[in-house]
Amino acid sequence: MARTERRWVRVGGRELAVTNLEKPMWPADGLTKGDLISHYVSVAPYLLPYLRGRPVVLTRYPHGVGGKWFYQKDAPQGLPDWIPTWADRAEDGRVIRYLRIEEPAALAYVANLGAIELHPWLSSCDSPDHPDWAVIDLDPAEGATFADVLVVARLVRQILGEVQVQGFPKLSGATGVHIFCPAAPGTTYAETAAFCEQVGRILLRAYPEKVTLERAVARRGPKVYVDYLQNRRGQTITSVYGLRPLPGAPVSAPVTWEELEGEPPRITMRTLPARLAAVGDLFAPMLQATQDLQAATERLRRYLTGV
DNA sequence: GCGTAAT
DNA sequence: ATTACGCAACGCTCA
DNA sequence: TGAGCG
Ligand SMILES: [Mn+2]
Ligand SMILES: [Mn+2]
């Protein structure tokens, strides 16, 4: 084996070592570890607002897409002292020191570790039991298509409009769609989950042929699973503007509701820069928005029962 | 990919 | 000096 | 009481 090729780079005024920049990460696409690092550094201004202050879980692919991979929650040994962590202690006393990614250089650092996917919590370290948004997670089960997901997403748009809730959709980058609904400060996970479950129940009634809330995979059928249980402490959603370890290096990117009415663009590492230049950060309004999801859940309940 | 433990 | 290993997990649901 | 689930 050739020796590790190491280079020092300066990112946002921070000096750090990067290794093996020529290593193929998406071999079929000719994309390297250097490309991976470049992606995260160049999207940092768009991405960091959704990462800052949150515990982050990595999925690491040190041998590239197709190689053996692993999740990483606990901060790796040898983490630079300028990357902060947040210690979460479980009931049984076990402690996980989650990474916090606060600056471009920290993105470069984790990318160099082979972290293709970044998975932030829905809540922040400061208020870990209070999610900032509810996420309506649409996962096509085996046999369901992306077209099915689109139909369900359009129904979500209608339902949210009906109860006057603002939702911000993004493509997962794989086969699903994630719809973020900002929550008022102090909202609990039980409340965001209840909100999403209620949306799910209305979807189920509207389109039972293609919607399921069934937790057991075997009982889902070829439908779109509304994964409302993702709204829970310690659960994560793959980050906005994050890469996926899939052919073409897709990015989980926001789209407009209007784009979901048709066939939305596929957004990849290669196409994201032009996309950002054209539409900017479609999620930006989400950081200001706040809405009473408890009241909205009650409106949904009445909507469902027809009162 | 890399720090650490085992050989 | 080289090689092997670990790197998440949690509470809820239904059988 | 345990397996399955993201
Ligand atoms: Mn999903
Ligand atoms: Mn899911």
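The chains referred to below are lettered A, B, ... by the order of the sequence lines, with proteins before strands, and numbering in each begins at 1.
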query = With respect to the side chain of A:R232, which nucleotide from D:dC5, C:dA8, C:dG11 is positioned closest?
reply = C:dG11

query = For A:R94 and C:dC10, is the shortest distance between a side-chain N/O and OP1 or OP2 below 4.0 Å?
reply = yes

task = State, with a plain yes or no, whether a side-chain heavy atom of A:I116 is found less than 4.5 Å away from one of A:R244.
result = no

request  = Give a yes or no on this: more than 12 heavy atoms of other residues, nucleotides or ligands lie within 6.0 Å of atom CD of A:Q164.
outcome  = no

inquiry  = Counting only side-chain nitrogens and oxygens, does A:N112 get under 4.0 Å of the OP1 or OP2 atom of B:dC2?
reply    = yes

query = Using a cut-off of less than 4.0 Å, is there contact between a side-chain N or O of A:K23 and OP1 or OP2 of B:dG1?
reply = yes

task = Decide if atom CD of A:Q294 counts as having more than 12 heavy atoms of other residues, nucleotides or ligands within a radius under 6.0 Å.
result = no

query = Nearest-Å distance, CD1 (A:I37) to P (B:dG1)?
reply = 9 Å

query = NA contact type, A:I96, heavy-atom cut-off 4.0 Å: base, sugar-phosphate, or nothing?
reply = sugar-phosphate

remark   = Here the distance between atom C1' of B:dG1 and atom CG of A:L58, to the nearest Å, is 12 Å

task = Tell me whether the OP1 or OP2 atom of B:dG1 has a side-chain N or O from A:N20 closer than 4.0 Å.
result = yes

task = For A:R154, look at atom CZ and say whether over 12 heavy atoms of other residues, nucleotides or ligands are found less than 6.0 Å away.
result = yes

task = Quickly work out the A:K73 NZ to C:dG6 P distance and round it to whole Å.
result = 18 Å

message = Looking at D:dG6, I'd like to know if its phosphate oxygens (OP1 or OP2) sit under 4.0 Å from a side-chain N or O belonging to A:R220.
response = yes

task = Check whether any side-chain N or O of A:K33 sits under 4.0 Å from OP1 or OP2 of B:dG1, and answer yes or no.
result = yes

query = Hey, does the side chain of A:T4 come within less than 4.0 Å of B:dC2's phosphate (OP1/OP2), counting only N and O?
reply = no

query = So, does the side chain of A:R60 form a donor-acceptor pair with the base of C:dC7 at under 3.5 Å?
reply = no

message = Does A:Q77 reach a base, just sugar-phosphate, or nothing at all? Heavy atoms under 4.0 Å.
response = sugar-phosphate

task = Using a 4.0 Å heavy-atom cut-off across all strands, classify A:T236 as base, sugar-phosphate, or nothing.
result = nothing

key: Separation of C:dA9 P from A:Y98 OH (nearest whole Å)   = 7 Å

ask   = Does C:dA9 have a Watson-Crick or wobble mate here (both distances under 3.5 Å), and if so which one?
value = none

note = Out of D:dG6, C:dG11, B:dC2, minimum distance to the side chain of A:L113 belongs to B:dC2

request  = Give A:R219 one of three labels, base, sugar-phosphate or nothing, depending on what nucleic acid heavy atoms sit under 4.0 Å from its own.
outcome  = sugar-phosphate

inquiry  = So A:R233, base contact, sugar-phosphate only, or nothing? Heavy-atom distance under 4.0 Å.
reply    = nothing

query = So A:F283 and A:Y50, would you call those rings parallel, tilted or perpendicular, with 30° and 60° as cut-offs?
reply = perpendicular

ask   = Between A:K68 (NZ) and C:dA8 (C1'), how many Å, whole number?
value = 13 Å

key: Pairwise C1' distance, C:dA9 and D:dG4 [rounded to whole Å]   = 13 Å

key: Nearest-Å distance once atom P is located in both C:dA8 and D:dC5   = 22 Å

query = Do the side chains of A:H63 and A:W69 get nearer than 4.5 Å, heavy atoms only?
reply = no

task = Using whole Å, report how far CD1 of A:I83 lies from P of B:dC2.
result = 13 Å

inquiry  = Categorize A:D74 for me: base, sugar-phosphate, or nothing, with a 4.0 angstrom heavy-atom threshold over every strand shown.
reply    = sugar-phosphate

inquiry  = Taking any heavy-atom pair under 4.0 Å as a contact, classify A:V57: base, sugar-phosphate, or nothing.
reply    = nothing

A:W133 ring center within less than 6.0 Å of A:F168 ring center = no

ask   = Tell me: CG of A:D227 to C1' of D:dC5, nearest whole Å?
value = 9 Å

query = What is the distance from CZ of A:F70 to P of B:dG3, rounded to the nearest Å?
reply = 12 Å

